[in-house]
Every structure is written in structure tokens, then in C-alpha cells.
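A short worksheet on the structure shown next.
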Amino acid sequence: MYFNYSTEVDDPDRKSLEPLLPSSSTSSETASEVYDENGNRLGLNYGAIDGDGLRYEIPESQKIGVAGAVFLILNKMIGTGIFSTPSSIFASTGSVGLSLLMWAVAGILTLSGLSVYLEFGLAIPLSGGEKNYLERVFRRPRYLATSVFAVQMILLGFSAGNSLAFGRYVLLAAGHPLPDGWVARSIAVLCITFVVVLHAAAPRWGLRLTNALGVFKVLVLLVIILSGFAALAGYRLVPDPHNFDNIWAIEKGDGYGGGGAYAFATALLQVVYSYKGWENANYVLGELKNPRRTLSIAAPIAVVGVTVCYVLVNVAYFAAIPKADLAKSEVIVAGLFFRNVFGESAAARSLPAFVALSNIGNVLAVSFAHSRVNQELAKEGILPYSSFWASMKPFKTPASSLFLHWIVTVIVLLAPPPGPAYNFIVNLYTYPGAWINAFVAGGLIYLHYNKSENWSSPWQTHVSVAFVYLLLNAFLAITPFIPPNSDWNADGYPYYAFPIVGTGVLFLGVLYWALWTKVWPRLGGYIVVSERHIAEDGTEVVRYRNVPT
């Protein structure tokens, strides 16, 4: 059992950042508070931080600047979503106008979430994202919020959706448009394997490829947007679909979701999925140059730019794809667009390959950031065998935590039975995050109103903005449980499958907390304390020690 330490972690009179930072003393000894399984303080434990600890040091030359942070966010935001989900979103709503409105509103709501995360991130410039924010607010019961977040991040922080889309677009570019199958999944496994090995063995090249693909995928979006304007002007190889003649009309019948709260909730959930990634830089703040300045510049630039592009790309799709085709196109919606505009030519087949490269760019960004979160969780002793998952061996990179990300992603890719697995993976990946985001937003509101917390940040979010973000995530978390008006198994699985599985993962975090903090220490008679020490030069040392209870 691993316990992390933090001196005076529960003192609300300390500044916002201090409860989360280990001692910065340069002394050879550091103090850790030790608690029993009931949370009772056993006292301070002093231990020398010497050469047998795990050392973490990031040279300034390897840290990420503003441009790198922008591309890190862009690469996660622009993945498979904008090229794949517009079909299911339109099928759920049945309306061109409502679909476009959802994309615009989701962009505005994303900005509200960005404001919440900027306030937390600038006040607590540490890697780990929501882990740090939840720990700052929810300090009782001890480690409960951290355990729930850890289980959700480990089990559901996978790259399966974009890896699978990469495999399917590769097949489409090769002239074999298979909606799903083991061939596409096999390519997806090769994709995530390549990305993990690259980040582990050649991290500089991994970041260079991430930045290059960030530029590339923006160019792909611009090609689609400009082609959409050309299609509106009549330059297309199909008849005018007349999708804008009555944009608020709601289509019904085969291929459409039939409306209702469930249909709109799942549609909004998938729009949010397409925007997901705006928080990516928050996960790696410890690896940014001048993190407060870099985050405050890079994040707004990336989110505003993506919002404008997403709305215009959807306009382009409706300009060239008939409604009936769009509603049933599933993941290959961008492929249909290319065919209707450019025809069955070499150029048209090359464009799906470009989308596949966009997908792998997303996998690069997600695996880079989530492996750092996994490593932060391991540093604090939250994971079993934390010393292994926190290790920087053999390449002085988080290879072990990257391997953990690979394991979960491959399981998610191979476990679902043949069929429409993509939408289920997308919903499962996104849904539990709505609960986490709701608690983060609610926590910020609490910090604003509870003056005894002495909360301060260089960025201030108006309470109404945080409240809007809280309501959005509450809506996304609750409405998927409402039965749809159409077939309960329209997507190949019961409508309640992904919200139940997603919520179950969060409760699994509660179970892990109970085992971790109560059952295992009582059975083992000792706890393993994680001691973290940061010297003046920024070098961090972590080591683990057995402490009898």
C-alpha cells in the first residue's frame, strides 16, 4: 500500500499551491506525514533522499514553449472527432440547423471549461491536471478524490478511439472501406505501439512529429473548409443536396435517432468529445517553459481557432453530402465528402490518408499527456507497484507509464465484439469525464464562496461561467440514463451500457480507495510511504519506504 505525503496538506490558511507541493528544502532530509488506515496522523517521518531514489529532471532545452503547447492541444482536439462524429450527431438530432448550433454552443461551453481550468492551472502549475485540482478541494476523506480520478484515468484514459479511426481510414485510403473489423483493429494496435515506442525511445522526435502533424491537420481542415465553399458555389460531383433549404426541419425514419432527451444528450456528448483535448496542456504543466505564461497564451489560441474551424467544416459537409448519406456514414463521413467533391481519384484517396495522419497525431498527443498523468499518480504511490510505473528507465523517459497506457488501449481495442464498437468507445471515453469536470467546476465555485480557503489565482473565472460549465457536465452525466424514443439497441448495445459502465468505473475508484487505505494496510501491517523531494535546481527525487502501522 502506498501513501504520499504533503506537509500541512489540510491547512486552509496556506496559499493555493502549497498544499500540493512537496518540500523545496535542499536539505538531505525531508519530512513526510504518516497516517494509519483511518486517516489518523502517526507523526512525521524523516528520511534521507539519496541516490537510491527515482530521479526526475527535465532540461530547459526539452521543455515545451507556446508553439509546442498550442500543437499539443490542437493534436488532441483535432483527432477523429471532427472527421467521424458529425454523422452520428446529425443522425441523433435529425436537423442541419440543430447540428450546427450544437457545434457552436459546444465551442462556447468549451471556453467556459477552459476558463475554469486556466484558473486552477495558473494557481497550481503542476503536471497532473484534475488530480491536483480535486486534491485541492476535496481533502476529506483523505485520498478518495485522488483514487476515483486515478482509476478513471488509468482505465478510461485510452487512445482506442483515434487508433481505431486511424486503422479504418488507412483501409479507406487503400480502397477497402470496412466499417469495423479485425483488420482495422490490428492496424490500430500497430498505431498505438509505434506511438508508445517513439515517445519512450526517442522523445524529441515524438514531440517534433507531434508539432509537424499539428500543422498538417490544420491544413487538412482548411482544405475541407475551402472545398466546402467551392461545393456551395456548385463545384461538386453530386447534385445539390439542398441541405440548407430548411435547416431547422427534423428528419425522421431509418438512420435517425428520433430526437428526445437521450438523442440530444448523446449528440452533445459526442460534440464535446470532438472538442476534448483543450485541457491537454494542463496535464504536462511541469514540462512547459514558464508554465503560467505559456498556458494562458496557448490554450485560448488553440480553442478559439478550433471552434471556428469545426463549425465551418460541418458547413462544408452539409454542402456536399445528402442528408440520408450523412446520417448513415458513421466514421467515414470525411471520406464521403472527399468522394463527392473530388471523385474516385488518386487525390480523393490520398485525403483519407491525410485524415489517418491526423488521427495518429491525436494518439501522439494523448499518449504523451496521459502517460505523464500516470507517472504523477505513481510518484505519489497511488498505483500498485508505483516504483515501477514511475520509473524513467531505460531511456530517461516515462516508458513504464507509457506501457501502462498501451496495455489499456490494446485491451479496449480488442475486447469489444465485432460490430459498431466505435461509438461505444467514444461514449465510454467521454462520459466519466463529465462527472470529473462537474466536480472540478463545483470545487471552483466552493473556493470562490468559502473565504477561509484563501484561494487566489492569476486568472479569475466568473462564478456564472463556472456554474454554466457545472450545469453542462451535470446534463451530460444524467441524461444518457433517459430512454431514447427509438430502438433501445440502435447502436448495437443497450442505450444504458456506456453510462452504467462509465459510472461503474467511478465507483470502482471508491472501492479501490477502501482497499488501498483500509483493507490492505490492516492485512499487511504496514504502508509504503512515497517521499517526494524537489531541490532548488528543479530535480525531483521520489523514493518509497515501508512504515509499520
Side-chain angles (χ1 to χ4, degrees), residues 1-12 19-23 29-50 52-54 56 126 128 130-157 373-391 400-401 404 407-408 436 439 504-534 540-549:
M1 175 60 342
Y2 293 92
F3 274 67
N4 67 318
Y5 80 92
S6 178
T7 305
E8 299 180 333
V9 69
D10 292 313
D11 183 0
L20 298 173
L21 283 175
S23 171
E29 290 189 337
T30 183
S32 61
E33 289 190 350
V34 183
Y35 299 84
D36 63 15
E37 66 272 17
N38 297 316
N40 300 314
R41 187 174 183 272
L42 299 178
L44 289 175
N45 186 51
Y46 293 89
I49 296 296
D50 50 33
D52 64 350
L54 300 176
Y56 305 91
L126 300 174
E130 295 96 335
K131 167 191 167 295
N132 301 319
Y133 315 151
L134 294 172
E135 286 178 349
R136 176 61 179 85
V137 179
F138 303 100
R139 299 191 292 272
R140 291 285 187 240
R142 185 180 300 277
Y143 306 122
L144 176 59
T146 307
S147 299
V148 172
F149 173 76
V151 171
Q152 181 262 344
M153 179 58 68
I154 297 297
L155 296 184
L156 300 182
V373 177
N374 294 346
Q375 187 181 54
E376 286 298 314
L377 294 169
K379 284 181 184 179
E380 297 197 5
I382 296 169
L383 307 181
Y385 309 105
S386 283
S387 59
F388 173 76
W389 300 119
S391 174
S400 297
S401 57
L404 178 59
I407 291 173
V408 176
I436 298 295
F439 280 109
V505 170
L506 299 179
F507 279 105
L508 188 61
V510 177
L511 175 61
Y512 179 75
W513 167 80
L515 293 172
W516 178 47
T517 61
K518 299 182 181 300
V519 177
W520 292 338
R522 183 164 299 182
L523 294 176
Y526 69 92
I527 58 176
V528 180
V529 177
S530 165
E531 297 178 338
R532 302 181 67 173
H533 172 83
I534 300 179
E540 180 181 7
V541 180
V542 179
R543 87 176 200 186
Y544 306 92
R545 300 197 312 154
N546 294 346
V547 178
T549 59

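Residues: numbered from 1 along the sequence shown. Computed from heavy atoms alone, side chains included, the values below leave out hydrogens, waters and symmetry copies.
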> Hey, is Glu135 close enough to Lys131 for a salt bridge, meaning N to O under 4.0 Å?
Replying inline: yes
>> Using modelled atom types and a 3.5 Å cut-off, is there a donor and acceptor pairing between side-chain atoms of Trp520 and backbone atoms of Ala514?
In response: no
> Which pair of non-hydrogen atoms, one from Ile436 and one from Leu506, has the smallest distance, and what is that distance?
Replying inline: CD1-CD2, 4.4 Å
> So how far is it from Ser400 OG to Leu383 CG, rounded to the nearest 0.5 Å?
Replying inline: 11.5 Å
>> If I compare all heavy atoms of Val151 with all of Val505, which pair ends up nearest, and what's the gap?
In response: CG1-O, 3.6 Å
>> On a heavy-atom basis, which atom in Leu377 and which in Ile154 lie closest, and how many Å separate them?
In response: CD1-CD1, 4.3 Å
>> Taking atom CZ as the centre, does Phe388 end up with more than 12 heavy-atom neighbours from other residues, nucleotides or ligands that are less than 6.0 angstrom away?
In response: yes
>> Given 3.5 Å as the limit, does a donor-acceptor pair link the side chain of Ser147 with the main chain of Val510, or not?
In response: no
> For the residue pair Pro521 and Leu515, what are the closest heavy atoms and their distance?
Replying inline: CD-O, 3.8 Å
> Shortest non-hydrogen contact from Phe149 to Leu134?
Replying inline: CB-CD1, 4.0 Å
> How close do Ala390 and Lys379 get, heavy atom to heavy atom, and via which atoms?
Replying inline: CB-N, 4.0 Å
>> If you take the centroid of each ring, where Trp contributes its six-membered ring, are Trp516 and Tyr143 closer together than 6.0 Å?
In response: yes
> Among all residues two or more places apart in sequence or in another chain, which pass the salt bridge (charged side-chain N to carboxylate O under 4.0 Å, His left out) test with Glu130?
Replying inline: none
> Are the side chain of Arg142 and the backbone N or O of Arg139 linked by a donor-acceptor pair below 3.5 Å?
Replying inline: no
>> Within a 6.0 Å radius of atom CZ on Phe138, are there more than 12 heavy atoms belonging to other residues, nucleotides or ligands?
In response: yes
>> Once rounded to the nearest 0.5 Å, what's the spacing between atom CG of Leu155 and atom OH of Tyr512?
In response: 11.0 Å
